[in-house]
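Fair warning: this is a prediction, and the values are worked out from it, not measured in the lab.
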Amino acid sequence: MALEKCILAVVTTKPEKVPFGGYVFHCESKDEMEHFAANLEAILDGIAHMLCEEMLIIVKH
């Protein structure tokens, strides 16, 4: 079964803002968050979207 149109991961500097218990990567800085997101995009074959300054999501379209 192929995953379509779903959130694969959340990368954040503020884990308390994440409303669910999925795959959450807590980073210490914005630079680290962007680095994690770039790697996860490639690994998961997804696309990163910034929801706010403290949170990126990796989605599959």
Legend entry - 4.5 Å side-chain heavy-atom contact, Cys27 and Val11: yes
Legend entry - Side-chain touch Leu40/Phe25, heavy atoms, less than 4.5 angstrom: yes
Legend entry - Candidate pair Val24 and Thr12, rule side-chain contact (heavy atoms from CB on, under 4.5 Å), full reasoning: CA-CA 7 Å; Val24 179; Thr12 184; 4.0 Å; yes
Legend entry - Modelled atom types, side-chain donor and acceptor of Asn39 and His35, under 3.5 Å: yes
Would you give me the side-chain donor-acceptor pairs under 3.5 Å for residues 43-56, sequence neighbours excluded?
| from | atom 1 | to | atom 2 | distance (Å) |
| --- | --- | --- | --- | --- |
| Asp45 | OD2 | Lys60 | NZ | 3.1 |
| His49 | NE2 | His61 | NE2 | 3.1 |
| Glu53 | OE1 | Lys30 | NZ | 3.0 |
| Glu54 | OE1 | Lys17 | NZ | 3.3 |

Inset, instruction - Could you please spell out the steps behind the side-chain contact (heavy atoms from CB on, under 4.5 Å) verdict for Thr13 and Glu28? - result: CA-CA 6 Å; Thr13 58; Glu28 297 297 324; over 6 Å; no
